[in-house]
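Hydrogens, waters and symmetry mates play no part in the numbers below; they use all other heavy atoms, side chains included. Chain A is the first sequence line, chain B the second, and so forth, proteins listed ahead of strands; every chain is numbered from 1.
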There are 2 protein chains.
Amino acid sequence: MVTLAEVAQHAGVSASTVSYVLSGKRSISTTTRQRVEQSIRELGYHPNAGARALASSRSNIIALMVPLRTDMYVPVMMEIAIAVATTARAHGYDVLLLTGEEGPDAVRRVTRSGLADAMILMDVQLDDERLPLLRGAGRPSVLIGLPADTTGLTCVDLDFTATGALCVEHLASLGHRDVAVIGEAPAVYERHTGFAERTLDGLRARSRELGVRLLHRPCEGGYDAMAVTLARILDERPGTTGFVVQNESAVEPLLALLRQQGRAVPEDVSVVAVCPEQVAVQASVRLTSVAIPAQEMGRHAVERLVAKLDGRGTDDVVLLAPELTVRASSGPAPAAS
Amino acid sequence: MVTLAEVAQHAGVSASTVSYVLSGKRSISTTTRQRVEQSIRELGYHPNAGARALASSRSNIIALMVPLRTDMYVPVMMEIAIAVATTARAHGYDVLLLTGEEGPDAVRRVTRSGLADAMILMDVQLDDERLPLLRGAGRPSVLIGLPADTTGLTCVDLDFTATGALCVEHLASLGHRDVAVIGEAPAVYERHTGFAERTLDGLRARSRELGVRLLHRPCEGGYDAMAVTLARILDERPGTTGFVVQNESAVEPLLALLRQQGRAVPEDVSVVAVCPEQVAVQASVRLTSVAIPAQEMGRHAVERLVAKLDGRGTDDVVLLAPELTVRASSGPAPAAS
DNA sequence: CTGAAAGCGCTAACAC
DNA sequence: GTGTTAGCGCTTTCAG
């Protein structure tokens with residue numbers, strides 16, 4: 001194993017000089033720097049992570065806690081995770097992958113042991129048991145998601161309330177007056193993950209303002225569940241011409257069922273989805289949708305964290321503005337029959 | 001921050017005693033152990049990761065390198081990653097998440113810096129540029145996937161050759177004589193990721209033995225691509241009654257198109273998929289399938305790695321035996337017309 | 001069964 | 001602009 005001391009010797013300088021060349025924390029003459037860099041390259045030197053962490057009390061590691069449970073849409077989580085890892089590397093940090101399994105203990109373990117300098121939490125519950133620990137951890141953290149009480153916390157999330165509003169606005173502007181919301185699985189609401197409720201809030205408030213009748217039904221994914229849900233909706237509100245879907249695994253079943261019933265999209269009914277771009281584009285009907293900006297969320301989270309670690313940055317909530325892209329699944333409401 | 005020294009003082013013993021209580025590397029009297037454990041709990045002590053790594057030259061971290069690219073089926077990767085993280089924790093290891101972005105450099109960086117004790121690589125190419133580095137790294141590693149040359153490497157993967165064979169066997173036993181294979185996107189074959197080719201090898205060899213006519217067509221995901229591919233297949237081999245699909249994003253489009261053309265599944269045509277259980281179960285027709293055992297692969301990989309780190313364990317290739325589950329998408333071939 | 005003490009490789013004062 | 005050196009908190013001989 002190549003050590004800093006060996007590099008120093010090879011370059012004919014002292015250990016501290018090598019250290020400072022690496023950190024740039026004091027000015028080094030060009031010639032010295034080049035000799036040192038040359039030695040580093042020749043010897044294939046990489047600073048020892050443990051020693052560095054011990055001496056500087058900074059591990060240059062960011063912990064990312066992902067939910068163990070996979071009833072959230074997995075590709076989104078993965079996309080966020082990859083964006084986090086990539087952005088972190090760009091700032092000189094590595095990423096430690098923690099699953100929700102350990103629960104709050106993981107927070108304690110990681111912060112107390114100095115394994116990570118900071119953490120990012122995904123899938124935050126409204127009343128998350130990890131939050132008190134974070135506030136008292138003495139280490140920066142960023143939540144992806146929005147808990148009920150955000151005091152002392154930094155959060156990044158899509159503005160789901162605005163997202164809901166945007167969806168009805170779009171449908172209303174096309175003349176739809178009866179809109180049904182295909183929600184997440186009941187379990188998601190029971191967990192109080194927040195985002196589902198917030199979308200609903202946005203949908204409801206805007207519907208009221210615009211005079212749209214709104215019907216909300218949670219829905220497990222899959223064909224069978226969707227069939228039941230759709231039947232109930234059309235039974236209760238036969239005049240429904242607009243659908244808002246916030247459950248990726250219900251999207252394709254819904255489209256198939258509508259087709260099967262002879263309801264053309266978008267001629268007879270319009271569908272707006274809240275989902276990742278990829279899902280919207282690959283669906284059997286290209287979907288008008290509000291994208292879930294997974295990459296952006298991951299990137300944002302890391303950047304705020306790095307800012308905090310550098311002593312800049314503040315505690316606050318960043319809600320990314322939703323963007324609705326019109327595709328082939330939405331159109332003017334059919335003339336009332 | 002609570003240190004080992006503080007624990008020692010609190011318990012009225014020496015630092016080394018505390019250390020040995022923690023590691024169990026020498027016998028401690030029950031009373032001493034209990035006093036120490038009590039102090040640890042009272043003070044909320046967690047050993048400093050950096051110091052421990054420095055002193056023991058073991059970080060207790062396993063690096064997991066996931067592909068940056070996401071044209072592989074993402075949920076499978078995520079499932080593997082989570083299984084890796086969970087299993088690793090059960091053995092006292094944490095997981096460092098590396099993306100393919102850095103490429104071979106990441107291998108060098110992580111091993112040379114002692115950041116991780118070992119690595120797991122996903123999405124291995126047949127001729128992967130990271131392999132030479134791994135062989136000379138002096139640190140254990142496990143590949144999930146199978147490169148061309150496995151000497152000096154440990155690999156875990158599904159036995160895709162056997163998987164291919166199993167699929168034709170099933171269809172042949174039901175009387176199907178003309179089978180079409182909907183393959184992965186052309187890019188996957190061009191990258192030589194191995195698994196796609198191996199499935200094909202298995203399919204071909206077994207088809208020959210069983211007198212099944214096989215037609216293979218790569219296919220991008222999505223409805224449009226699938227429509228084109230299906231048309232070509234049926235044009236070329238109108239008598240096709242069996243389909244093997246190895247591209248999750250082609251599954252649903254295929255089913256929809258067959259339905260649309262009035263070909264009933266499984267009465268007119270049978271479909272066998274190579275895909276995660278979840279996809280098979282949630283499809284519009286419950287699919288007869290060979291599952292991709294993501295969890296098992298992740299768990300296996302970690303366990304082999306831990307064995308190596310403990311000085312047990314050898315270099316070898318573990319191919320998990322495929323299991324075909326019969327569901328609603330396959331049935332007897334229709335009588336020849 | 002327990003203690004004392006020498007590092008592990010690096011950072012960051014403190015000197016010059 | 002560079003060198004010297006005292007730790008960082010832990011593991012692990014070496015003693016007893």
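Note on S16(A): a base of the nucleic acid sits closer than 4.0 angstrom, heavy atoms only. Contacts of S57(B) with the nucleic acid, taken as non-hydrogen atoms under 4.0 Å apart, are absent.
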Side chain to side chain contact (heavy atoms under 4.5 Å, CB included) assessment of V95(A) paired with V302(A) = CA-CA 10 Å; V95(A) 171; V302(A) 172; over 6 Å; no
Test side chain to side chain contact (heavy atoms under 4.5 Å, CB included) on L98(B) and M119(B) and set out the steps.
-> CA-CA 10 Å; L98(B) 303 174; M119(B) 2 192 12; 4.0 Å; yes
Please walk me through it: do Y93(A) and D117(A) pass side chain to side chain contact (heavy atoms under 4.5 Å, CB included)?
-> CA-CA 9 Å; Y93(A) 287 88; D117(A) 298 331; 3.8 Å; yes
Between H46(A) and L115(B), does a side chain to side chain contact (heavy atoms under 4.5 Å, CB included) hold up when you go through it step by step?
-> CA-CA 10 Å; H46(A) 281 262; L115(B) 229 189; over 6 Å; no
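Side-chain atoms of Y20(B) and V13(B), non-hydrogen and from C-beta on, never get closer than 4.5 Å to each other. Side chains of V84(B) and M122(B) form no contact here, defined as non-hydrogen atoms less than 4.5 Å apart.
Rounded to an integer number of Å, the gap from CD1 of I40(B) to P of dC10(D) is 10 Å. Atom P of nucleotide dG9(C) and atom CG of L115(B) are separated by 16 Å, given to the nearest angstrom. Atom CE of M1(A) and atom C1' of dC10(C) are 10 Å apart (whole Å). Rounding to whole angstrom units, CG of residue N60(B) and P of dG9(D) are separated by 19 Å. Atom P of nucleotide dT11(C) and atom CZ of R58(A) are separated by 12 Å, given to the nearest angstrom. Atom CZ of R26(B) is separated from atom P of dC14(D) by 13 Å (rounded to the nearest Å). As rounded to whole Å, 19 Å separates atom P of dG7(D) from atom CG of L4(A). In this structure, CZ of R112(B) is placed 16 Å from P of dG9(C), rounded to the nearest angstrom.
Along DNA chain C, the nucleotide nearest L54(B) and the nucleotide nearest S29(B) are compared for position; the residue whose nucleotide lies closer to the 5' end is S29(B).
The nucleotide whose nearest atom lies closest to any side-chain atom of S56(B) is, among dT11(D), dC10(C), dC10(D), dT11(D). Taking the side chain of N48(B) as heavy atoms from C-beta on, and the options dG9(D), dG9(C), dT13(D), the nearest nucleotide is dG9(D). Nearest to the side chain of S14(B), among dA4(C), dC10(D), dC8(D), sits dA4(C).
Dashed line: the shortest gap from a side-chain N or O of T32(B) to OP1 or OP2 of dT2(C) is under 4.0 Å. OP1 or OP2 of dT11(C) has at least one side-chain nitrogen or oxygen of R52(A) nearer than 4.0 Å.
Atom CD of Q9(B) is surrounded by 12 or fewer heavy atoms from other residues, nucleotides or ligands within 6.0 Å.
Screening S39(A), S19(A), P47(A) for a side-chain contact (heavy atoms from CB on, under 4.5 Å) with V7(A), the sole residue that qualifies is S39(A).
A donor and an acceptor atom, one from each side chain of Q38(B) and R35(B), are nowhere located under 3.5 Å apart.
Within residues 17-25 of chain A, the residues approaching DNA chain C are S19(A), Y20(A), K25(A), by heavy-atom distance under 4.0 Å.
Taken over five-pair windows at either terminus, the axes of the helix from dC1(C)-dG16(D) to dC16(C)-dG1(D) are inclined to one another by 30° (rounded to 10 degrees).
Contact check on E101(A) versus R89(B) returns no salt bridge, with no Lys/Arg side-chain nitrogen under 4.0 Å from an Asp/Glu carboxylate oxygen.
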